[in-house]
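Order of the sequence lines fixes the chain letters, A, B, ..., with proteins taken first and strands second; residue numbering starts at 1 for each chain.
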Number of protein chains: 2
Amino acid sequence: MSRQKSSEETARKLHSAALHLMRYVRAQDTALGVPPAQLSALSVVVFGGKQSLSDLAHAEQVRPPTMSRIVDALVRDGLVKREIDKRDRRSVVISATDKGVRIMHEGRSRREKRLLELLGGLTKDEIDVLDQASETISKSLAATVH
Amino acid sequence: MSRQKSSEETARKLHSAALHLMRYVRAQDTALGVPPAQLSALSVVVFGGKQSLSDLAHAEQVRPPTMSRIVDALVRDGLVKREIDKRDRRSVVISATDKGVRIMHEGRSRREKRLLELLGGLTKDEIDVLDQASETISKSLAATVH
DNA sequence: TGCTAATAGTTAGCTATGCTAACTATGCAG
DNA sequence: CTGCATAGTTAGCATAGCTAACTATTAGCA
């Protein structure tokens, strides 16, 4: 029987757990040799498909000039392609190259492997609790429009 | 009745939930006017007490030159004090000023308020699941030495 | 004791990443 | 066709990460 926890205490523990978990998985990314902002933008393009620079900037919560420069670096390193939209020549369409897709999949696999190592020492019940908690968080965040 | 989930799926969901949760709470920090690396270092000093620059760099997982510059900015803005250690004059001791403590407490309160808003829409059972999940993650991370 | 090695920080200089302001090019409304 | 709106880029600033090289201090030991 679990005693009643205060929401305040749960909020603090949740914050700490999420903070350290992200720090733990992000450590894997350095092996790819792609800096964090570029890697994050690349993941949006690889898993979300080709899109405009504005859309990409919005998805990553940065301003267009910041994303423009991140795309510069990704193009320079051959991870994405930048093309003018034929229907609106002001707009550019960013899409992943084969190399970009390959690197992103390697990155995802590394991060998942790292997380699976962590889950490896847990019981089925504990994993089920993590699964439910993840659902709850995602659902709450989706409901809180921002 | 929950069906059997694969660990792979849980790992992906957990990663996504933690990523978006951190993005959500971090958005509160901009109101403080203290950049992210400085705010994070300040929290270590405020909640962990006075310590050397090396200890601080280690806690934040950055190199000493990086932390030296972050401390420069915090000293410039009057949030921490930098003093020479009397017992080892090579070493410096970083401690929070009253202003640093005040700002950090305000930041923590903002983040917690934000998280509590999120937890506010949940049932007691759902919060209990989040509490257990947080415990499990923290325990696993502590057990995995790195 | 006095030389040598180790340790703690800083400085210099590079890259990356965030911003705003100001600009160019294109599209749209009338 | 004129004028405003929109998409992106350029320029310039601040922050934050790194390594290499430096200074100052301490510790080890022959």
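Of the residues in residues 69-90 of chain B, those placing a heavy atom less than 4.0 Å from an atom of DNA chain C are B/Arg82, B/Arg90, in numerical order. Listed by residue number, the members of residues 49-57 of chain B with any heavy atom below 4.0 angstrom from DNA chain C are B/Ser52, B/Leu53, B/Ser54. Taking a 4.0 Å limit (strictly below) on heavy-atom distances, residues 36-46 of chain B reaches DNA chain D at B/Pro36, B/Ala37, B/Gln38.
Following chains of ILVMFWY side-chain contacts shorter than 4.5 Å, one cannot reach B/Leu115 starting from B/Leu32, and the two form parts of different hydrophobic clusters. Linking Ile, Leu, Val, Met, Phe, Trp and Tyr whenever their side-chain heavy atoms come within less than 4.5 Å leaves A/Val25 and A/Val44 in two separate clusters.
B/Glu117 has no carboxylate O lying under 4.0 Å from a charged side-chain N of B/Lys113, or vice versa, which leaves the two without a salt bridge.
For the pair B/Asp131 and A/Lys13, the minimum side-chain heavy-atom distance is below 4.5 Å. Contact annotation: the side chain of A/Ile137 approaches that of A/Leu14 to within less than 4.5 Å [non-hydrogen atoms, C-beta and beyond].
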Listed pairs under 3.5 Å, donor-acceptor, residues 75-84 of chain A side chains, sequence neighbours left out:
from    : atom 1 : to      : atom 2 : distance (Å)
A/Arg82 : NH1    : A/Asp72 : OD1    : 3.1
A/Arg82 : NH2    : A/Ser68 : O      : 3.1
A/Arg82 : NH2    : A/Asp72 : OD1    : 2.9

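Each of A/Met67 and B/Pro35 was matched to the nucleotide of DNA chain D holding its nearest heavy atom; the match closer to the 5' end belongs to A/Met67. Of the residues near DNA chain C, A/Pro64 and B/Val92, the one whose nearest nucleotide (by heavy atom distance) lies more toward the 5' end is B/Val92.
A/Gln38 meets the side chain to side chain donor-acceptor pair (under 3.5 Å) test with no other residue; sequence neighbours excluded. With sequence neighbours excluded, the residues forming a side chain to side chain contact (heavy atoms under 4.5 Å, CB included) with B/Glu126 are A/Thr136, A/Lys139, B/Leu122, B/Thr123, listed by chain and number. Taking A/Leu116 as the reference, B/Ser7, B/Glu8, B/Ala11 meet the side chain to side chain contact (heavy atoms under 4.5 Å, CB included) condition, with sequence neighbours excluded. Take A/His58 and apply the side chain to side chain contact (heavy atoms under 4.5 Å, CB included) test, not counting sequence neighbours, and it matches no residue.
The nucleotide range of DNA chain C contacted by chain B, defined by atoms under 4.0 angstrom from heavy atoms of the protein and reported 5' to 3', is C/dA6 to C/dT11.
With side-chain heavy atoms closer than 4.5 Å counting as contact, directly or through intermediates, the hydrophobic cluster containing A/Val129 also holds B/Val129.
Applying the salt bridge (Lys or Arg N to Asp or Glu O under 4.0 Å) rule to pairs touching residues 23-36 of chain A yields A/Arg23-B/Glu60, A/Asp29-A/Arg111, sequence neighbours excluded. Pairs engaging residues 46-58 of chain A under the salt bridge (Lys or Arg N to Asp or Glu O under 4.0 Å) rule: none recorded [sequence neighbours left out].
Regarding contacts with the backbone of D/dC18, a side-chain N or O of B/Thr66 is found under 4.0 angstrom from either OP1 or OP2.
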